[in-house]
Protein chains: 2
Amino acid sequence: MTKVTGEPANEVAAGPNEVAAGPGEVARGRRPSTSREDVARAALELFSRQGYDETTVDEIAAAVGVSRRTFFRYYESKSDAVWGEFDAELVRLGDRLHEAPDDEPMMEVLRRSVMATNRFGAGELDELRIRMGLISSVPDLVAHSAVRYEEWCDVVARFVARRIGASPDDLGPQTVARAALGAAMAAFACWARHDSDDLVGEVDRAFRLLATGFAEDRLHGGRA
Amino acid sequence: MTKVTGEPANEVAAGPNEVAAGPGEVARGRRPSTSREDVARAALELFSRQGYDETTVDEIAAAVGVSRRTFFRYYESKSDAVWGEFDAELVRLGDRLHEAPDDEPMMEVLRRSVMATNRFGAGELDELRIRMGLISSVPDLVAHSAVRYEEWCDVVARFVARRIGASPDDLGPQTVARAALGAAMAAFACWARHDSDDLVGEVDRAFRLLATGFAEDRLHGGRA
DNA sequence: GAATTTATAGCACTGGATGCCAAAATGGAA
DNA sequence: TTCCATTTTGGCATCCAGTGCTATAAATTC
C-alpha cells in the first residue's frame, strides 16, 4: 500500500490531529495523506451516486486511498462527513450575533445574521443542495442532524439570553432559539425540495413569518 | 430457559407481531412472553440506573427474560424503547387538531391541543421526566428523537396546510410546524431540567411567546 | 393426536465505531 | 549520515447494534 501522493501540505485545515502547523511554524512529522475536504468530497460523491446506506466507510476510505481506521481520524462518524465544515459557520453566526448593534431589534438581528451566514457562491450551491437533500431525507442523517442543530440552538440561545437578561436555559431564550431553528430548517427544506434558487429569500420569508406570530392573514401569500 | 410466565394474555397492545387479537377474537398460537410496556419499563430502569450507553440490548433482554433477538421484535431499536407509546399520542394530537372548530384561531387551536395531549397523571410524570431527561441529554437519543419529532411536525403541518389552504410542503405550514415543535421542545426541556411541576404551564407560556412573535418586552417575565 | 398459527431462541453475518500498537514518513539535531 | 522526536497511518482485535434465516416451543382448532 503506502500510496505516495506528494501533497502540497499547505492546506489551511490540515490533518486529523487538530493542531495543524500554525501560520509561521514549519510542519513536523509525517504529512497527512489527504484532507478533510477531500474525504468529504469523496463521501458526498458516493452518497449521491449509490445512496448513503449503500455506501460503507470502507468504500469511502478506499476512494481517497486511506484505510478505514484513518477515515475515523478525519471524521468522528460516517454521517459527520456530510456536514463538512459546519463548525466554522457556527462560529461565524455567533460572531455576527455578538457584533450586532444593541439598538437593532433582536429578531431583526437574528434574521439578518442567519441570512448572512447562508449566502453561498453559485459554485457551492449545487453541493449544498445535495447535502441538504441527504440530511433531510436519509433517516440516519436526519437523526444525526439533531446533534448539530442543538449546537446551533446553543449559539442563538446565548445571544437571546444576553439580549433579554436571562439564562440561556430559561424558557424565553430556549423557545426563541428552537423556533428560529425551525424557521431556518423550513426554509432549507423548501429550498432543497423545490427549484427555488433563492435560499436567502426563503430564510427571509420564514423569519418574517416567525416575527409576525403567524397571523393567519400573512400566511397565505407564501409562494409568489 | 423457556420461562413459563403465565401471562393473562388480555393486554391491549399485545405481542410483537402487530395484529394482536381483536376485541372479541380469541388469541391463537403461542402467547407473547412479555409486553412492550414491560420491556420499556425494564429498559428505562437500566438506563436511568447505569446510563444509556452503558446498557446493552442483551442486558435489557435478560432483564425481561427474553433473548436479544426477541427484544428487536418488540422495538425496532434500542432507542425506540425510550419512546414507549409515542405513536398513540401522535394520533390523539392529530384528532384534536382535526376536530377543532374552524372559527377558533389557528395558533389557539395549536396551543390548546398540544397542552391537552400533555396532561399526564401524577403517576406518569416521574417516568416522563426520566424519559425526557434521557432524550434531551444522551446524544444517541437526541439524534433518534429527530425522527420522531419529524412525524410530529408532519401532523401539525397538515393541520396548518388545511387551515390556510396550502400544501403541507410549502414554506408557511413547514415554518409554523417546526417553530411549534421548537416551542414544545423548549417547554419540555425547561420542565425536565428545572423543578417546575407544571408541564402544561410551560407549554402554555412557550406557545404564547410564539404567538407574540417574540416582542422583546414580553420575553422578560419568563419565570414567575 | 395432527395441523395450523404465533412467538421465541439461537446462530451467522454485516457494518459502524474504538483502543492499541507497530510501522511509515518527515524535520531537526548530533 | 545517523539517530531522535514527532505525527500520521495501517492493521489488527474487539464491542455492539441490527437483520435474515431456521428450527423449535407453545397455543388453538379440527
Side-chain angles (χ1 to χ4, degrees), chain A residues 1-11 14-22 25-36 39 43 51-62 64-82 139-141 143-144, chain B residues 1-11 14-22 25-36 38-39 43 51-62 64-81 139-141 143-144:
Chain A
M1 305 306 137
T2 322
K3 186 181 150 206
V4 183
T5 22
E7 294 269 338
N10 280 348
E11 302 267 339
N17 235 358
E18 326 268 304
V19 270
E25 303 176 32
V26 189
R28 301 183 42 150
R30 178 172 177 171
R31 277 174 295 221
S33 30
T34 182
S35 65
R36 278 177 65 91
V39 176
Y52 179 83
D53 289 325
E54 290 70 31
T55 305
T56 67
V57 172
D58 293 82
E59 292 180 271
I60 306 172
V64 284
V66 297
S67 79
R68 162 199 182 66
R69 187 66 185 83
T70 296
F71 170 90
F72 285 109
R73 292 202 183 89
Y74 283 85
Y75 287 100
E76 281 189 10
S77 69
K78 182 182 167 185
S79 45
D80 265 320
V82 181
D140 205 345
L141 292 173
H144 185 76
Chain B
M1 304 308 136
T2 322
K3 185 182 152 207
V4 182
T5 21
E7 294 267 340
N10 280 348
E11 302 266 339
N17 236 357
E18 324 268 303
V19 269
E25 303 174 32
V26 189
R28 303 182 40 153
R30 178 173 179 171
R31 279 174 293 226
S33 32
T34 182
S35 65
R36 278 178 66 92
D38 280 348
V39 176
Y52 179 84
D53 288 325
E54 290 71 30
T55 305
T56 67
V57 172
D58 293 84
E59 291 180 273
I60 306 172
V64 284
V66 297
S67 80
R68 162 198 178 66
R69 189 66 185 81
T70 296
F71 170 91
F72 285 110
R73 293 201 184 89
Y74 283 86
Y75 289 99
E76 281 190 10
S77 69
K78 181 181 167 186
S79 45
D80 265 320
D140 206 342
L141 291 174
H144 184 75

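Every chain is numbered from 1 and lettered A, B, ... according to where its sequence line falls, protein lines coming before strand lines. Remember, predicted model here, so these are calculated numbers, not experimental data.
At the phosphate of dT8(C), OP1 or OP2 sits under 4.0 Å from a side-chain N or O atom of Tyr74(B). Between Thr56(B) and the phosphate of dC16(D), there is no side-chain N or O to OP1/OP2 separation shorter than 4.0 Å. An OP1 or OP2 oxygen of dT8(C) is reached within less than 4.0 angstrom by a side-chain nitrogen or oxygen of Ser33(B). Put simply, Arg68(A) has no side-chain N or O that comes within less than 4.0 Å of OP1 or OP2 on dC12(D).
Atom P of nucleotide dC15(D) and atom CD of Glu59(B) are separated by 14 Å, given to the nearest angstrom. Asp53(B) places its CG atom 13 Å from the P atom of dA17(C), with the value rounded to the nearest Å. Separating the CG atom of Leu141(B) from the P atom of dA17(D) is a distance of 12 Å, rounded to the nearest angstrom. Asp38(B) places its CG atom 16 Å from the C1' atom of dT8(C), with the value rounded to the nearest Å. Summarising the geometry, the separation between NZ on Lys78(B) and C1' on dA17(D) is reported as 8 Å, rounded to the nearest angstrom. The distance between atom CZ of Arg73(A) and atom P of dA24(C), rounded to the nearest whole Å, is 15 Å. Atom C1' of nucleotide dA26(D) and atom CZ of Arg30(B) are separated by 5 Å, given to the nearest angstrom. Per the geometry, CG belonging to Asp140(A) stands 20 Å off P belonging to dT14(C), to the nearest Å.
Contact detail for Tyr74(A) and Pro32(A): the closest heavy-atom pair is OH-CB, 3.4 Å.
Of the possible polar contacts, one joining the Tyr75(B) side chain to the Arg36(B) backbone as a donor-acceptor pair under 3.5 Å is found. Between the side chain of Tyr52(B) and the main chain of Ser79(B), a donor-acceptor pair closer than 3.5 Å is present.
Among the heavy atoms of the strands lying under 4.0 Å from Thr55(A) are primed sugar atoms or P, OP1, OP2 only; no base atom is included. Counting non-hydrogen atoms under 4.0 angstrom, Ser67(A) reaches a base of the nucleic acid.
When each of dT6(C), dA17(D), dT28(D) is scored by its nearest atom to the side-chain atoms of Asp58(B), the top-ranked nucleotide is dA17(D). Nearest to the side chain of Thr70(B), among dG16(C), dT8(C), dT8(D), sits dT8(C). Checking dA17(C), dT9(D), dT29(D) against the side-chain heavy atoms of Ser77(A) singles out dA17(C) as nearest.
Both Phe71(A) and Gly29(B) sit near DNA chain C, but only Gly29(B) has its closest nucleotide nearer the 5' end. Position along DNA chain D of the nearest nucleotide to Tyr52(B) versus Arg69(B) favours Tyr52(B) as the more 5'-ward residue.
Using a 4.5 Å heavy-atom cutoff, the side chains of Asp80(A) and His144(A) are in contact. Counting heavy atoms from C-beta on, the side chains of Phe71(B) and Val64(B) never come closer than 4.5 Å.
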